[in-house]
Amino acid sequence: MVLRYGLIILLFFSFYILKSQNKTKTALIAFYNIENFYDTIDDPKTKDNEFLPNAENHWNTEKYNIKLDHISKVIKEIGEDNGFKCPTVMGLCEIENKQVIQDLIHSPNLKNFNYGFEHYDCRYERGVDVALIYQKDRFIVVNSKAYPLIIPEKPDFNTRDQLLVSGILDGEAVHFIVNHWPSRRGGEKRSAPMREAAAKLCRHIVDSIYKTDSTAKIIIMGDLNDDPTNASIVKHLGAQKSKESTKNYGLYNPMYELFKKKGIGSLAYNDKWNLFDQFIVSYPLISKTVGGYKFVKAGVFNKSYLMQKEGQFAGYPFRTYVGTTFMGGYSDHFPSFIIISK
């Protein structure tokens, strides 16, 4: 009922603003798994013991500030590299709490962009969540909700929530779903049912929105811990690999071509590239009959300074830690992005 009420408000608000606007707009939507961005304070409710000053990692204020500067620099440069000052809207994952997000959006690199954020603490035992940051002068939040992944046959299972944020982007109703699906720990095949369950939950959110608005602009983003070719995305989420095969109430995955045809990835493991950090968009974002924002392009932000320069892992993402050794890097993932225009 809360979701339905929020969507009705969104539609009326969107219609009112669209009637008064007549300008071409572009927006940059990005996503970044920023790899274990914890503060330095012990939270007794979560397993954050690795990232404390007296832990084996010796995580402290100096290292935290290096990470803060690095991540905020990347966010800013994703924008500049694509002709923007910064991303218009951006999903994040592996952030510990609201304070970490506050520190990020008020850092020297980002403080002038007037970012707001949406975040909910989830029940995931490691205490890292997903969040959405957005330029407040371009996106107005109307409704948000966190969806936990519940698997009845596994009552002790917990993972990150899926975050739905619905609002008005430049006068138009847009819905963002931020994800960080269960990992491949224990093996890809053994862990696949957990990601398939996450895909079904995400599809449920999409269908709930479509039920209220058949022309809904929905942007799914996140670290899905699966590639665009995996069953969780193709079968259970129902994301199509081409615009031509995407129909009404459907979803289009622009990352499929990047991965399958161009070999582009966002992380590497055992000398193999994966594209886990994906964007998937609803049919109205590619439809010729629905007005407003349209999908333009997708990409992975993989500049050379984000890569390990030497050794066995040269070319891989330049990490903050390898084991308990502080490397002073950025993340074990590259960010991904899409551009939309109207």
Side-chain angles (χ1 to χ4, degrees), residues 14 18 21-33 71-93 109-110 113-115 132-140 165-179 215-224 228 239-244 246 250-262 264-266 275-288 290-303 306 333-342:
S14 176
L18 273 173
Q21 288 196 342
N22 193 28
K23 294 166 61 177
T24 299
K25 286 280 189 179
T26 57
L28 173 66
I29 318 298
F31 174 81
Y32 199 6
N33 178 333
I71 297 302
S72 61
K73 172 189 174 183
V74 174
I75 292 173
K76 183 181 179 183
E77 292 190 2
I78 294 170
E80 292 174 347
D81 193 63
N82 286 284
F84 296 78
K85 291 182 179 179
C86 65
T88 315
V89 176
M90 185 164 191
L92 302 169
C93 76
N109 286 319
L110 302 180
F113 300 130
N114 193 30
Y115 275 122
L132 189 83
I133 65 174
Y134 55 90
Q135 288 187 280
K136 290 188 285 186
D137 58 339
R138 295 194 60 183
F139 182 66
I140 301 168
V165 182
S166 302
I168 306 297
L169 176 63
D170 299 325
E172 183 174 353
V174 182
H175 310 267
F176 299 97
I177 307 173
V178 189
N179 298 262
T215 62
K217 307 287 180 71
I218 306 167
I219 297 175
I220 299 167
M221 67 182 90
D223 175 0
L224 308 185
Q240 300 297 309
K241 65 182 181 180
S242 70
K243 292 180 181 179
E244 293 72 25
T246 309
L251 298 169
Y252 165 59
N253 188 352
M255 315 304 281
Y256 183 94
E257 184 174 354
L258 289 179
F259 177 68
K260 190 69 175 176
K261 296 183 179 180
K262 299 182 180 180
I264 294 174
S266 58
L275 184 46
F276 290 174
D277 303 274
Q278 297 183 50
F279 275 90
I280 296 163
V281 301
S282 63
Y283 175 71
L285 279 158
I286 60 169
S287 169
K288 295 180 180 179
V290 180
Y293 265 122
K294 289 289 179 288
F295 167 80
V296 176
K297 64 176 286 189
V300 172
F301 186 75
N302 54 5
K303 297 300 181 183
L306 293 173
H333 290 242
F334 295 140
S336 55
F337 65 88
I338 62 169
I339 294 174
I340 58 175
S341 178
K342 65 174 180 177

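Worth knowing before you read on, the calculation uses all heavy atoms, side chains too, and leaves out hydrogens, waters and symmetry mates.
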Heavy-atom pair with the smallest gap, counting every atom of [X] and [Y]:
{"X": "Y252", "Y": "P254", "answer": "O-CD, 3.3 Å"}
{"X": "T26", "Y": "R138", "answer": "O-NH2, 2.7 Å"}
{"X": "F113", "Y": "C86", "answer": "CG-SG, 3.5 Å"}
{"X": "S341", "Y": "T24", "answer": "OG-CG2, 4.5 Å"}
{"X": "H175", "Y": "S166", "answer": "ND1-OG, 2.8 Å"}
{"X": "S282", "Y": "A216", "answer": "OG-O, 2.8 Å"}

Measure the [atom1]-[atom2] distance between [X] and [Y] for me, rounded to the nearest 0.5 Å.
{"X": "Q135", "Y": "I140", "atom1": "CD", "atom2": "CD1", "value": "13.0 Å"}
{"X": "I264", "Y": "F259", "atom1": "CD1", "atom2": "CZ", "value": "11.0 Å"}
{"X": "E77", "Y": "L306", "atom1": "CD", "atom2": "CG", "value": "8.5 Å"}
{"X": "F276", "Y": "F334", "atom1": "CZ", "atom2": "CZ", "value": "14.0 Å"}
{"X": "K25", "Y": "L169", "atom1": "NZ", "atom2": "CG", "value": "9.0 Å"}
{"X": "I133", "Y": "M90", "atom1": "CD1", "atom2": "CE", "value": "6.0 Å"}

Practice item. Could you tell me whether a side-chain N or O of N179 sits under 3.5 Å from a main-chain N or O of I177, the two making a donor and an acceptor? Key: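 Judged by distance alone, yes, a pair lies under 3.5 Å.
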
So, [X] and [Y]: side-chain donor and acceptor under 3.5 Å apart, yes or no?
{"X": "S72", "Y": "N109", "result": "yes"}
{"X": "H333", "Y": "S266", "result": "no"}
{"X": "N253", "Y": "Q278", "result": "yes"}

With side chains defined as the heavy atoms from C-beta onward, is the minimum distance between [X] and [Y] less than 4.5 Å?
{"X": "F31", "Y": "F279", "answer": "yes"}
{"X": "P228", "Y": "L275", "answer": "yes"}
{"X": "Y134", "Y": "T88", "answer": "no"}
{"X": "F139", "Y": "V165", "answer": "yes"}
{"X": "I71", "Y": "Y32", "answer": "yes"}

Review point. For V89 and L132, what are the C-alpha separation, side-chain angles and deciding distance, and is it a side chain to side chain contact (heavy atoms under 4.5 Å, CB included)?
Key: CA-CA 7 Å; V89 176; L132 189 83; 3.6 Å; yes

Point to revise | Step-by-step side chain to side chain contact (heavy atoms under 4.5 Å, CB included) determination, I218 to V281 | key: CA-CA 6 Å; I218 306 167; V281 301; over 6 Å; no

**Study point:** Passing candidate, side chain to side chain contact (heavy atoms under 4.5 Å, CB included) with D277, options L224, D223, V300
**Key:**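 It is D223, the one option of L224, D223, V300 that forms the side chain to side chain contact (heavy atoms under 4.5 Å, CB included) with D277.
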
Check your understanding: Ion pair present between E172 and K342, side-chain N to carboxylate O less than 4.0 angstrom?
Key ->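 Answer for the salt bridge query: yes.
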
Exercise for review: Begin from the C-alpha positions of F176 and I29 and carry the test side chain to side chain contact (heavy atoms under 4.5 Å, CB included) through to its verdict.
Suggested key: CA-CA 10 Å; F176 299 97; I29 318 298; 3.9 Å; yes

**Study point:** Cationic tip of K217 above Y293 ring, under 6.0 Å, 45° of axis
**Key:**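 No; the conditions do not both hold, so K217 does not lie above the ring face of Y293.
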
Exercise for review: Please assess I78 against L28 for the test side chain to side chain contact (heavy atoms under 4.5 Å, CB included), listing each intermediate value before the final yes or no.
Suggested key: CA-CA 9 Å; I78 294 170; L28 173 66; 4.0 Å; yes

